[in-house]
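Data block below; observations after.
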Amino acid sequence: MFSYCIEPDALATFQWLTCYLTTGVHFSFYLSFLNVLGILAVTAPIALSFGFFGAIAARSQIVPLSLLGKGYIAVVRGVPDIAFFLFFVIALDQGFEWLRHQALCPNWTDPIRQGNDFLVCPRAKLPLGTAPQTVHQLYAYGLAIITFALVFGAFAANVIFGAMLAVPKAQLETAEAYGMSQHQIFWRILVPQMWIYALPGLSNLWQILIKATPLLFLLGIEDVVYWARELGGTKTARFTSFPHGDWRMWYFLALLIFYLFMTWSSEKFLKKIMQKLTKGQDMAGTAMSTTRDFS
Amino acid sequence: HSVVRMGTEGAYPPYNFINDAGEIDGFEREVGDELCKRAELTCEWVKNDWDSIIPNLVSSNYDTIIAGMSITDERDEVIDFTQDYFPPTASAYVGAAEAADWEKGVVAAQTATIQAGHIASSGATLVEFATPEETVAAVRNGEADAVFADADYLAPLVEASGGGLVFIGPDVPLGGGVGMGLRESDSELKEKFDAAITSMKKDGSLNTLLVKWFGEATAQY
Amino acid sequence: MFNLLKLVAKHRHLVKSRYERFLISNGHAILSNQSVIEIRDLHKAYGDLEVLKGVDITANRGDVVSLIGSSGSGKSTLLRCCNLLENSQRGEMRFKGEQISWIGKKHDRRPSDPKQVLRIRTNLSMVFQQFNLWAHMTILQNVMEAPVTVLKRNPSEVESAARAYLDKVDIGDKCDSYPAQLSGGQQQRAAIARALCMEPEALLFDEPTSALDPELEQEVVKVIKDLASEGRTMLIVTHDMQLAADVSDYVVFLHQGLIEEQGPPKTIFGAPTSERLRGFISAAHAIQ
Amino acid sequence: MFNLLKLVAKHRHLVKSRYERFLISNGHAILSNQSVIEIRDLHKAYGDLEVLKGVDITANRGDVVSLIGSSGSGKSTLLRCCNLLENSQRGEMRFKGEQISWIGKKHDRRPSDPKQVLRIRTNLSMVFQQFNLWAHMTILQNVMEAPVTVLKRNPSEVESAARAYLDKVDIGDKCDSYPAQLSGGQQQRAAIARALCMEPEALLFDEPTSALDPELEQEVVKVIKDLASEGRTMLIVTHDMQLAADVSDYVVFLHQGLIEEQGPPKTIFGAPTSERLRGFISAAHAIQ
Amino acid sequence: MSCLETIQSYAMRSLGIGERLLPRSDFTLCEQFTLIGSGMIWNIYFGLMALCVGFFFATALAVAKSTTNPWVRKPAKWFIFLFRGSPLFIQFFFAYFLFLNLKGAFQFFSPFTAAWLGALIVLFLNTAAYSAEIFYGALQSIPKGEIEAADAYGLSGWHKFRRIIWPTMLRLAWPSYTNEAIFLFHATTLVFFSGFPAWQQRGDALYYASYFADKTFNPFVPYPILALYFIILTLIIISLSGLVNRRLNSHLPTNMRIQFKFRLNIIR
Ligand SMILES: Nc1ncnc2c1ncn2[C@@H]1O[C@H](COP(=O)(O)OP(=O)(O)OP(=O)(O)O)[C@@H](O)[C@H]1O
Ligand SMILES: Nc1ncnc2c1ncn2[C@@H]1O[C@H](COP(=O)(O)OP(=O)(O)OP(=O)(O)O)[C@@H](O)[C@H]1O
Ligand SMILES: [Mg+2]
Ligand SMILES: [Mg+2]
């Protein structure tokens with residue numbers, strides 16, 4: 001990066017560090033932070049909407065829909081995310097390709113399963129074999145986001161489902177008495193009041209989602225932890241101009257700070273939202289006076 | 001195949017690793033590029049986690065595995081291998097001192113490797129870590145008496161340790177040579193690569209690369 | 001005793017012209033097409049606890065019917081049944097002559113036609129005993145909510161109407177406060193304004209003055225009388241005998257889930273026949 | 001007007017012997033060692049809204065002091081300040097002569113000694129306007145809770161006492177119901193029983209009869225009188241002028257955060273001096 | 001080997017009891033079920049222990065965080081922040097590192113580098129922090145009136161907490177807490193996956209599942225088996241928590257508990 005980086009062995013510590021920290025591989029590391037942030041930013045709203053619709057489905061009066069919603073919540077919630085990621089992405093990918101295969105290559109005669117191999121017609125490949133590497137990358141991101149959103153959507157659905165039950169019955173009853181339709185009660189009373197009960201659970205979920213990003217690597221995305229492991233591991237002089245011992249601790253420390261910062265800032269943000277939502281509602285936390293002493 | 005996607009792990013020097021520039025580098029990178037050239041194929045490199053490297057191959061997310069994968073019978077049942085481009089390898093023990101007990105003591109190995117399987121059936125107490133890095137660290141910090149891993153992986157570490165780590169015990173030949181993994185249905189591609197490897201073996205260019213990456217002492221064709 | 005009976009007879013006679021239709025319709029639903037709310041033989045139980053054991057009530061257009069009775073006698077439950085918030089187990093209900101259709105039997109009985117329920121509820125506003133203001137809305141929003149979303153009335157018109165109603169009950173300055181920031185009486189007034197703003201055919205009041213001071217109570221009495229003269233029908237649950245005497249055309253005394261006695265206020269308060277009612281009224285007199 | 005003044009004078013004279021101590025103590029705290037609750041110059045604001053603007057109240061042992069005033073005038077707030085549930089910004093409070101010590105200034109002012117607060121609260125039971133029963137306990141548990149855990153009284157004794165109090169307010173049969181299963185009046189009676197079971201030195205009632213029918217109100221009047229004769233001190237917020245007239249030794253009329261007028265009930269109801277109070281009382285008369 | 005024999009030799013394999021060598025070829029479904037099931041012992045052990053101990057610590061932390069005393073509040077806040085704010089595997093990493101160093105210095109710490117104790121401690125602290133935040137949130141949403149009534153009746157300190165606040169807090173927190181319990185059980189799969197070393201192939205369910213996935217190169221059998229086990233475990237947790245929840249909500253009339261049951265007629 002810097003002109004003096006040609007001969008790193010000869011450099012003083014500080015200059016050495018500047019060179020070391022600006023190697024191409026470190027830029028991949030830095031980029032991965034942005035990647036993670038981007039994925040989080042996209043995943044969270046999708047997961048939330050999965051959760052919202054999951055909850056609506058689960059409490060639907062239409063039995064099959066309700067079973068679908070409840071099944072989704074129970075099954076996806078039941079499986080550890082790691083285990084899920086270890087096989088679900090591949091299954092999802094194969095599922096998409098299978099669907100495309102059925103649609104695009106109706107005349108294809110070769111079996112799709114040949115022994116262990118999964119082979120669809122070339123036109124059905126996702127992404128196409130001719131696609132540039134970036135498309136492959138984007139596709140991987142898409143799969144990862146869908147998988148993440150599915151998993152966290154199930155938990156969000158559960159939280160929202162519970163929050164909907166927590167809204168005082170009298171509030172809904174009154175709306176009913178005023179002739180609001182179920183639809184109106186839902187959107188005008190239940191949903192606005194539900195958020196106060198849901199937000200603590202959802203913010204917990206968001207924190208867990210942030211902390212689940214290291215699992216992105218299982219989904220084929222090089223995340224911050226992958227790079228921290230990679231860069232922090234012992235490097236011998238044969239393979240790098242910047243040999244060093246086991247520096248994982250320092251890299252992990254950097255990650256720790258990154259994650260703590262994420263937590264801190266999202267807590268601040270969520271607190272603001274919570275204040276908006278609880279406006280006017282009579283709960284201990286919203287008491288006019290200072291924090292209440294419970295002990 | 002318009003473009004052949006080559007799957008590798010990128011965390012197993014000197015076979016494959018990420019260099020300072022952030023690119024895939026190592027013995028296999030050079031061999032792979034040369035093979036593609038000789039087989040007149042356009043190749044693209046893809047990184048994939050070791051755990052799911054075979055499942056992703058069979059589900060056609062890339063077309064070859066070139067990741068220091070030893071040819072074993074179990075693997076051969078699921079995928080096809082080209083002929084080996086690296087002679088049968090040896091695994092070795094490394095301890096903190098010559099006297100370390102590799103026979104009955106605590107031996108570290110990476111989870112779910114052939115080395116771990118070997119130790120499990122030996123008389124030693126196996127302790128498994130998720131990454132190779134941690135297995136070596138376990139010897140350094142005294143959790144394990146010895147680490148058992150691919151000799152080629154250990155050699156540069158021992159060399160760089162300045163006496164902190166030493167080879168102990170006998171080398172153990174495990175697995176066949178290292179070959180390129182392909183889908184069983186992809187025999188056309190397999191033939192192309194086989195031919196390319198043969199030609200590299202013949203004109204000695206493979207040996208040149210072996211010496212470049214593994215040193216003079218390594219086995220050659 | 002003799003005196004009392006004579007009084008009753010006298011009053012009966014006096015009020016006959018005015019309340020005839022009640023007496024008749026309460027016997028048989030001859031003129032029920034005039035009635036706005038009509039309840040026949042209503043039974044309601046919570047689990048094993050029978051709360052209503054067969055109640056008949058009729059309220060015609062423009063009538064104010066008061067429900068009195070001791071605490072726990074089932075007055076609130078009756079109002080809630082009127083609004084179809086509680087499912088009853090037996091009995092019929094009509095609203096403006098329209099009979100409510102049921103589905104299911106016994107403890108599972110419920111209205112079968114959601115559209116009908118909706119139609120009835122929009123014409124029937126309720127002021128709850130515990131007010132039940134919507135906690136996430138300001139007072140003004142609380143009042144505007146149903147007219148705008150249910151009746152689809154023009155928001156800006158509704159707003160000025162809402163402000164007028166809030167002024168009428170004297171909390172115009174609390175428009176932008178949330179329910180939790182109001183005193184008990186202010187909440188109750190907001191609840192009343194909310195019901196009024198619906199401008200419904202009929203109103204159900206559950207102790208509308210329990211948290212109000214005498215002046216405001218007077219205010220409410222005036223409001224109720226105005227509403228009645230506009231032709232709106234009202235069912236009022238109250239513990240305040242004076243209120244009942246003041247505003248109602250007809251008083252129903254509920255006791256242990258049954259109607260113990262009913263009649264125009266003069267009769268009920270002037271010449272109660274049943275032992276129970278006499279005890280009840282004399283207690284009220286002891287206070288007043 | 002002349003008549004009215006004469007009436008007042010007459011009443012002043014009549015009651016002097018009995019209420020002298022009030023008049024004196026309300027002027028200067030000469031005899032304040034006899035007083036159980038003593039409040040001086042109390043100021044309280046919610047944000048910008050000044051609710052109490054300097055209120056003095058004294059209640060001596062065995063006295064029943066009624067607080068009347070229009071809705072939103074700050075009555076509930078005053079009771080809540082008495083119990084130290086709300087922090088006030090200015091003014092002094094004494095309980096049985098013991099001065100409450102404060103820490104902090106202005107909007108940050110709060111009691112400095114938690115032990116003291118506790119001591120005062122266990123001697124001062126409150127019946128809330130919204131009842132505030134503990135939702136997760138049965139009625140019996142609600143009543144027994146504080147005597148057992150705070151006063152460390154023997155549970156089985158407390159239980160029989162609790163049942164007796166619940167019987168007294170006529171909900172002995174609802175012992176094992178949860179608050180959500182009770183009617184409004186039943187909840188209010190449970191709240192009263194809960195306060196009584198503490199057998200405290202002083203009681204604070206916030207509209208204790210708002211949800212009660214006349215008979216039960218009579219019952220409560222009796223209970224209050226009994227308590228007073230046992231020497232317990234009471235502060236009662238009420239909208240029911242009759243109740244105030246019936247039970248109180250002294251009536252305080254609160255208006256817009258200030259005491260507009262105070263005196264024995266005869267004076268207050270018989271010969272109100274201030275314009276405001278006259279309007280208020282006449283409204284009450286219009287009803288009664 | 002018949003399936004019964006397989007169960008006999010491998011059911012306790014994760015504890016080191018039974019056959020020493022894991023199956024190495026011709027993997028049967030029975031073997032996969034048995035070994036992965038055997039690994040579940042560890043997941044359940046970690047989850048249950050951490051949850052039980054963590055619950056009390058979490059309650060204390062939540063209360064500490066809601067007090068006004070900064071000497072109590074601040075440490076609790078920081079603790080919760082630190083453990084909620086960092087990924088579990090980083091906590092495992094640093095804990096393992098710390099325990100290793102402590103072990104070098106003091107004999108006492110020698111068992112701490114083993115998963116059964118070291119990982120348990122980390123999981124315990126982690127769940128305590130997450131649960132504490134949930135409880136704290138619940139404390140903030142207790143109806144103000146009920147707390148005021150407690151204050152007014154002189155309930156204070158332990159009694160006020162134990163009798164009024166705690167039951168209500170628990171009721172409000174319960175759904176989220178159930179979520180947390182499930183998450184914790186799921187998190188136990190991280191112990192051997194990227195935390196602590198597995199000794200003599202004694203690992204948890206995921207350890208064996210990935211063993212099989214690695215040996216058979218087919219992720220579609222062992223991982224779904226693992227998933228199945230966890231779904232069963234989760235269903236058990238959910239139903240137990242449902243029982244508790246019913247108890248916690250026993251004060252609400254049934255018609256308030258089960259909502260929207262009515263009007264099923266729409267579909268008829
Ligand atoms: N938490 C709060 N935040 C802001 N304002 C409040 C709050 N609580 C009460 N107020 C205001 O303080 C004033 C006095 O309230 P308070 O409850 O003391 O009235 P009150 O005399 O008891 O009336 P009522 O007879 O209607 O119960 C009212 O105007 C009310 O709007
Ligand atoms: N959800 C419920 N579950 C069980 N019992 C109930 C429920 N709601 C009310 N009850 C009981 O039904 C009876 C009638 O209650 P209701 O509320 O109708 O009385 P009310 O006449 O309005 O009394 P009040 O004047 O005290 O408000 C009471 O005995 C009450 O305990
Ligand atoms: Mg009622
Ligand atoms: Mg009040």
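Throughout, protein chains are lettered first and strands after them, A, B, ... in sequence-line order, and every chain is numbered starting at 1.
Proximity to chain B (any heavy atom under 4.5 Å) is shown, for E/F220, by neither the backbone nor the side chain. Heavy-atom distances place no part of E/Y223 under 4.5 Å from chain B, backbone and side chain included. Only the side chain of B/T111 comes within contact range of chain E, with heavy atoms under 4.5 Å apart.
Side chains of E/W199 and B/V106 form a contact here, defined as non-hydrogen atoms less than 4.5 Å apart. Between B/E143 and E/Y96, the closest side-chain pair of non-hydrogen atoms falls below 4.5 Å. Side-chain contact between E/F217 and B/E74: present, with at least one pair of heavy atoms (C-beta onward) separated by less than 4.5 Å.
Considering all non-hydrogen atoms of both residues, B/S121 and E/L21 come closest at CA-CD2, 3.4 Å. B/V78 and E/T216 make their closest contact through CG2-O, 4.0 Å (heavy atoms, listed as atom of the first residue, atom of the second, distance).
Heavy-atom pairs under 4.5 Å with chain E were tallied for B/A137, B/A144, B/P55, B/A108; the largest tally goes to B/P55.
Residues of residues 159-171 of chain B lying within less than 4.5 angstrom of chain E, judged on heavy atoms, are absent.
Crowding of E/F81 atom CZ: a count of heavy atoms from other residues, nucleotides or ligands under 6.0 Å exceeding 12.
Put simply, OG1 on B/T113 and CG on E/D214 are 8.5 Å apart, with the number rounded to the nearest 0.5 Å.
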